[in-house]
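Below: the structure, in structure tokens.
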Amino acid sequence: MIPIDTYKYTPSTEECRAIFVASCIETAAKATGMTPEAMYQRMVRINLISDYILPCYNVLHAESRQHITEDILRTIEIWEKKKGVTL
């Protein structure tokens with residue numbers, strides 16, 4: 001039998017970023033009572049993932065989950081208003 005620790009896997013930087021984006025979507029969705037799919041569409045509509053979450057990954061991922069969620073929800077509201085997007 002092969003020891004379990006030989007199966008260690010370290011995700012790539014891209015995988016870590018994708019995991020982070022997914023967790024941002026899920027926690028923001030949960031905080032607002034939306035489905036993750038609906039939250040994803042809301043973020044995509046204002047380019048939040050490509051223009052904010054990914055470029056700010058190094059700073060954001062060092063914050064607490066609660067702070068990240070609050071920050072993302074505030075940013076969504078601001079960007080939607082700026083772009084004239086309504087739900």
Side-chain angles (χ1 to χ4, degrees):
M1 181 175 217
I2 300 173
I4 192 112
D5 62 340
T6 61
Y7 293 107
K8 288 184 181 175
Y9 173 75
T10 303
S12 69
T13 301
E14 285 300 310
E15 289 170 320
C16 288
R17 289 173 179 254
I19 292 165
F20 180 73
V21 169
S23 70
C24 289
I25 293 166
E26 290 175 8
T27 57
K30 185 176 182 180
T32 59
M34 297 177 77
T35 65
E37 294 81 6
M39 179 56 69
Y40 172 76
Q41 289 302 321
R42 190 174 176 188
M43 289 179 175
V44 166
R45 195 172 20 216
I46 58 171
N47 298 318
L48 191 78
I49 296 168
S50 61
D51 293 347
Y52 182 67
I53 296 174
L54 289 173
C56 297
Y57 169 78
N58 289 335
V59 173
L60 289 173
H61 90 280
E63 299 291 332
S64 71
R65 176 58 43 201
Q66 180 179 348
H67 184 265
I68 294 167
T69 303
E70 290 169 358
D71 182 59
I72 287 173
L73 293 176
R74 273 193 311 270
T75 305
I76 287 172
E77 289 179 20
I78 292 167
W79 287 26
E80 285 177 337
K81 284 179 185 175
K82 277 186 178 179
K83 295 183 180 200
V85 175
T86 58
L87 292 178

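In this text the structure is predicted, and so the values were computed from the model without any measurement.
Atom OH of Y40 has 12 or fewer neighbouring heavy atoms from other residues, nucleotides or ligands inside a 6.0 Å radius. Atom NZ of K83 has more than 12 heavy atoms from other residues, nucleotides or ligands within 6.0 Å.
Of the possible polar contacts, none joining the H67 side chain to the E63 backbone as a donor-acceptor pair under 3.5 Å is found.
Here the straight-line distance linking atom CG of L48 with atom CD1 of I53 works out to 4.5 Å at 0.5 Å rounding. Between the CZ atom in R65 and the CD atom in E70 there is a gap of 12.0 Å [rounded to 0.5 Å]. With rounding to the nearest 0.5 Å, the separation of CG in D51 from CE in M43 is 13.0 Å. Rounded to the nearest 0.5 angstrom, I19 CD1 and S12 OG are separated by 8.5 Å. In this structure, the separation between CZ on R45 and CD on E80 is 6.5 Å, given to the nearest 0.5 Å. For the atom pair CD1 (I25) and CE (M34), the distance works out to 11.5 Å, reported to the nearest 0.5 Å.
The shortest side-chain heavy-atom distance between I49 and L54 falls under the 4.5 Å cut-off.
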Report task. List the steps, then state whether side-chain contact (heavy atoms from CB on, under 4.5 Å) holds for R17 with V21. Result -> CA-CA 6 Å; R17 289 173 179 254; V21 169; 5.5 Å; no
Report task. Could you walk me through whether L60 and F20 pass the side-chain contact (heavy atoms from CB on, under 4.5 Å) test, one step at a time? Result -> CA-CA 9 Å; L60 289 173; F20 180 73; 3.7 Å; yes
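Pairing each heavy atom of A29 with each of M39, the nearest pair is CB-CB, 3.8 Å. Scanning both residues, W79 and I46, for their nearest heavy atoms gives CE3-O, 3.4 Å.
Partner T75 forms a side-chain contact (heavy atoms from CB on, under 4.5 Å) with one of D71, I72, L73 and no other, that one being D71.
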